[in-house]
Asks: 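There's a structure below that I have some questions on.
Throughout, protein chains are lettered first and strands after them, A, B, ... in sequence-line order, and every chain is numbered starting at 1.
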There are 4 protein chains.
Amino acid sequence: MILVTRPGILPEEMDEIRERAEALDIRTHVSDLGDRRVIGCVGDEDQIRRLGRTRFAGVEEMRRVDTRWKLASRRFEEERTQVRLGFHDVGGPGLAVIAGPCSLEGREMIHETARAVHAAGAIALRAGVFKPRTSPYGFQGLGQEGLEMLAELRAETGLPIVTEVTDPRQVDAVAECVDVLQIGTRNMYNYDLLKEVGRVQKPVLLKRGFAATIAEFILAAEYVLAQGNPQVILCERGIRTFETMTRNTLDVSAVPVLKRETHLPVIIDPSHAAGDRALVPALALAGVAAGADGLLVEVHPEPDRAFTDGAQSLNFVAFAEMMVSIRAVAEAVGREMLIGGSSLEDS
Amino acid sequence: MILVTRPGILPEEMDEIRERAEALDIRTHVSDLGDRRVIGCVGDEDQIRRLGRTRFAGVEEMRRVDTRWKLASRRFEEERTQVRLGFHDVGGPGLAVIAGPCSLEGREMIHETARAVHAAGAIALRAGVFKPRTSPYGFQGLGQEGLEMLAELRAETGLPIVTEVTDPRQVDAVAECVDVLQIGTRNMYNYDLLKEVGRVQKPVLLKRGFAATIAEFILAAEYVLAQGNPQVILCERGIRTFETMTRNTLDVSAVPVLKRETHLPVIIDPSHAAGDRALVPALALAGVAAGADGLLVEVHPEPDRAFTDGAQSLNFVAFAEMMVSIRAVAEAVGREMLIGGSSLEDS
Amino acid sequence: MILVTRPGILPEEMDEIRERAEALDIRTHVSDLGDRRVIGCVGDEDQIRRLGRTRFAGVEEMRRVDTRWKLASRRFEEERTQVRLGFHDVGGPGLAVIAGPCSLEGREMIHETARAVHAAGAIALRAGVFKPRTSPYGFQGLGQEGLEMLAELRAETGLPIVTEVTDPRQVDAVAECVDVLQIGTRNMYNYDLLKEVGRVQKPVLLKRGFAATIAEFILAAEYVLAQGNPQVILCERGIRTFETMTRNTLDVSAVPVLKRETHLPVIIDPSHAAGDRALVPALALAGVAAGADGLLVEVHPEPDRAFTDGAQSLNFVAFAEMMVSIRAVAEAVGREMLIGGSSLEDS
Amino acid sequence: MILVTRPGILPEEMDEIRERAEALDIRTHVSDLGDRRVIGCVGDEDQIRRLGRTRFAGVEEMRRVDTRWKLASRRFEEERTQVRLGFHDVGGPGLAVIAGPCSLEGREMIHETARAVHAAGAIALRAGVFKPRTSPYGFQGLGQEGLEMLAELRAETGLPIVTEVTDPRQVDAVAECVDVLQIGTRNMYNYDLLKEVGRVQKPVLLKRGFAATIAEFILAAEYVLAQGNPQVILCERGIRTFETMTRNTLDVSAVPVLKRETHLPVIIDPSHAAGDRALVPALALAGVAAGADGLLVEVHPEPDRAFTDGAQSLNFVAFAEMMVSIRAVAEAVGREMLIGGSSLEDS
């Protein structure tokens, strides 16, 4: 349920609402709507109905939001959410590119990659240190050691860093070392993990489960939002279909649907969708043309030697070339590329 | 198998090859490769092997093409096929937009729509008169009567017309009245129909089956090509997945894959993919950015009153607006919009 | 719409209804319900409504059937349809097994197979002569020549024969030579072909499209029924999913769903579902346990030499062994195996 | 890699192998093969190769297992694994039925259900207390309080209890209170959780992810086995497809495939597959006929009032009736029903 206040509601009137809600075990989320305030109420449905029968002095309107999602819905928050990443906002007028290797493989390679993707225009680095792998015998990432390398790189360069968490017990340690916590496609339904990243105040990059409906995807974001963390970036990365000539099928329609249904930034990952580096530029351009707020791209110094996902990684030259085309399409749909902004600038 | 001749092969040497092939019941397809010729040989595998053991004076090289498709393959024909539509070539440097209603509903509405889509930049009109419908009780199209309206419209305006055939027995009559024979998504596996449209010399717009792999789609085109009709346009129109917020999932990756695997023009149909007119522009732009050679778009004077597929049809204003954005994205990826070219120009 | 008459309606009262319906271009289908009659009315929705406003002397009740299917629905016809095949009824209390090769390959092999499957308990022979193949270069069946072999076999042995039709122009010729017209999975959406088999009075074995929903499957049957041919057997044969360890995924749930929604017999094809002969018996038993009225099984004298689908064909011994297990499970769910009944008996 | 020893290998020879393996950070799993022993070696591929170059006195044969899974494979362990549940073995000649409500809702309802399902022949009770729900606003289970109710019920009745864990931090507490740890469909890819249940010595009931291939499913089991816990029961529970008339599509083919590829017990969950109680008996019978070792069935005292999954739950009478049919089909495929064995017997 949403309460819309009258203009200039008094602090004590706000308190009254909050107290009543708390007594009913209902969480409230307040956002400003010009001089009015919108109070989202989340909790047990019966209690919500009870709250709805209360008369509050400062409330002008009560609206039931009967979409399945509330906090993520544009009915709750009309203004688009922008998630701060270093010097830039993801979800605003600019287009944000995040790039880097699937797995962090060593200190030198990650510094080299950071410099290269930044030079080509990426505003943040992605690199995995906890790798969920289909086989227990596959490379599982450098773990704690890798995390320290990321922390060091970030301290040196100021480049924002995105890395995946896979276990609720990792969340605090990872949140200390990096800028964005990524939830991977295999963990989109891992609600205990979602709640945990909802409790820290760090941006969350949430990937769509490869077999998740868009509705389930939004509800996974809702798990994070409902814990009080509003900084969620949605990432479409391809879904599982019968087609075998691509690793996954990029669901480019998800971009306009997610932008219509939610106020959250939406980016696409053309690399995992394609599973084949030759297709990555076409999918990246398609995503930008469809209205995505950014891209998450796999880049590796020597893709053919990558520990994981080499087939879909671009090398530095291919990435830089692709960025030229992306800029052109971004401008054709009325967006500027976000660019630069770390201390690497001068290095 | 492919035979590559030496430069300046003599006519009698060509005849010798043809005769030997005919004796083995093998069809040949000749294309020019500069001063050499490439002869594609299609037929029973055992006979092909037998032909491969023959020594021909004018042949420099024999290559087995072990891709599953032959005539559609870029190994057989490196130059991209361009299909002539009125004054324009689909599959060349220009971007082609074909638009019109799902079903022809009457004389007035089709003339009105033809004028509107042409004015906005479409180079051909689409309109169905034989409608394959999931329910036997749905509107099945105006049939023969509608076909006559299309013939009349074409005679008057010169605007190229695309319409669907669903039965081998319709093919000749339809081929006389329109410019392009469309094979719909439900008939992609209807091989008897594919053979029949392969026998006439009219362009064929072949839609991907909504559950067809890309490989099966190319093999369906191969059925048409193998009958001697090289004018095939491939159309991606969305595939069936678990997602329910869109009618189908546009497989935008199919565009670069089809362009890599075949020499045929590739267009997309954003309307059937989306099933929702609000999503059509985003998908159209995504298709163009991904490298499609054109679009097939549903446009109706009053979408909410359409007999079929109203929810996904654009009205004239929305279509014209979308065309402006399409032009911008087309130019960003280095393509010009094809435009105009019928006698409607002056009307 | 369904009209239920009063008991003992007079012939002239029936005529009145029929004439009024005809005048409105509505088809009627009459079935007996004890001493009452049920008249199903199929046609344009507006005309149906007009008919519904007429008062008829002999009609006690008018019911709108608002399921998407009418003639196939158990609301229209409560009694289960039984389709006669030789001496047996498919869809009654007995369990019917139809077996034979994917493709007819020659006179000797088909006679040998007919004897073997009949001896093991099959009540009819399946054999394809018009083969829809994914590649135009695959074996396309023996065509007319094969059809004659089937006619000859049938005349000699009296064994009912099932074969596939793929083109509306084949229907009359095939209907003369065999007992059951099969519509294959690729042609389930080929409505012109469905209408054509609806016009002849021969049983139709309709396979589910490998990507068809159950609703679309029933509506395809409705196309046949609406033409006046009530003898339709539904066949579940596996659907296309992301799983790759089987060729298709047998949708065993379709059996109870189809039996609940329609009055038509339902059989399963474990061979195409599995694509692997080792899995065929398990799927066959699963189908019988789930309530199927019969099975359609691929059997070949030498599966490893089969022209088509050898990997999923059973040899004679494996088929005979499987039939023993099938009988046991059939009895456990309260059904007798149908058996024998051709002049092969004494050979 | 697998080492096969000579008959009567000495204890010190075994120690030598173990020590060398440990030095290389390789885990070993020993199983008896008559008088020989089979030693499975799991670890880093390079180290495995190094171990393979060592000459051991007691080893007769070294075999690389190049299937993707090792410990789960029938090549590693030919004998079928049986998992002890109370007085019975799941995966042996008997058929095991586990039943109970989706969610534990209160003390009385769970005791009542335990008595009812046991009386009808179930050998264990299922009941969820930690519920992963698509919406954060859905009922999330009774948690710790529910766990205590389960512990109490188990102490009183001796009936084995299955419950789901969703977070690695719950595993120890849950393992103390119940007999089987269930990993739900949403957590099949949650590898940190799989490792955690691999560390405790309690049977694990692993559900297939609703969009997981069979290969991924087996590899998820491999995660548990690789931690040293061999007691894994695989559960097919329906996969996500385009079909909408059932909640999921039961992949009954998975049963014979899993029994061929692995030595682990395989059961099916007809309730989640169907999503509709009317279909549950048909799917249960299909699973048994296809060779499943058991069933997991949702039963509730008053399905229409269930907090979760009521539509697919059977009431006590329907469950007892279904058990009669299951016994008949089980016997037709040569299996006895496991039955009884708790102190509820005499109550």
Asks: Where on C:A273 is there a heavy atom nearer than 4.5 Å to chain D: the side chain, the backbone, both, or neither?
Replies: neither

Asks: Examine whether an atom of C:L283 lies under 4.5 Å from a heavy atom of chain D, and if so say whether it belongs to the side chain, the backbone or both; otherwise answer neither.
Replies: side chain

Asks: If you count heavy-atom pairs within less than 4.5 Å of chain D, which of C:A286, C:A332, C:A284, C:P281 leads?
Replies: C:A286

Asks: For each of C:V329, C:V257, C:V288, tally heavy-atom pairs with chain D at distances under 4.5 Å, and name the one with the top tally.
Replies: C:V257

Asks: Picking from D:T241, D:T244, D:V333, which has the most non-hydrogen pairs under 4.5 angstrom with chain C?
Replies: D:T241

Asks: Could you tell me which portion of D:A254 (side chain, backbone, both or neither) has an atom closer than 4.5 angstrom to a non-hydrogen atom of chain C?
Replies: neither

Asks: Output the option from D:T249, D:I214, D:T246, D:L285 having the highest count of non-hydrogen pairs under 4.5 Å with chain C.
Replies: D:I214

Asks: So, for D:L250 and C:S253, which heavy atoms are closest and what is the spacing to 0.1 Å?
Replies: N-OG, 4.0 Å

Asks: Which value, rounded to the nearest 0.5 Å, describes the distance between D:F217 atom CZ and C:M245 atom CE?
Replies: 12.0 Å

Asks: How about residues 232-240 of chain D versus chain C: which residues have heavy atoms under 4.5 Å apart?
Replies: D:I239, D:R240

Asks: Test side-chain contact (heavy atoms from CB on, under 4.5 Å) on D:D251 and C:E243; report intermediate values, then the result.
Replies: CA-CA 9 Å; D:D251 182 7; C:E243 180 54 58; 4.3 Å; yes

Asks: Please walk me through it: do D:D276 and C:R260 pass side-chain contact (heavy atoms from CB on, under 4.5 Å)?
Replies: CA-CA 13 Å; D:D276 174 347; C:R260 178 175 66 188; 3.1 Å; yes

Asks: If I compare all heavy atoms of D:A282 with all of C:P256, which pair ends up nearest, and what's the gap?
Replies: CB-CG, 3.6 Å

Asks: By number, which residues in residues 320-328 of chain D have some heavy atom less than 4.5 Å away from chain C?
Replies: D:A328

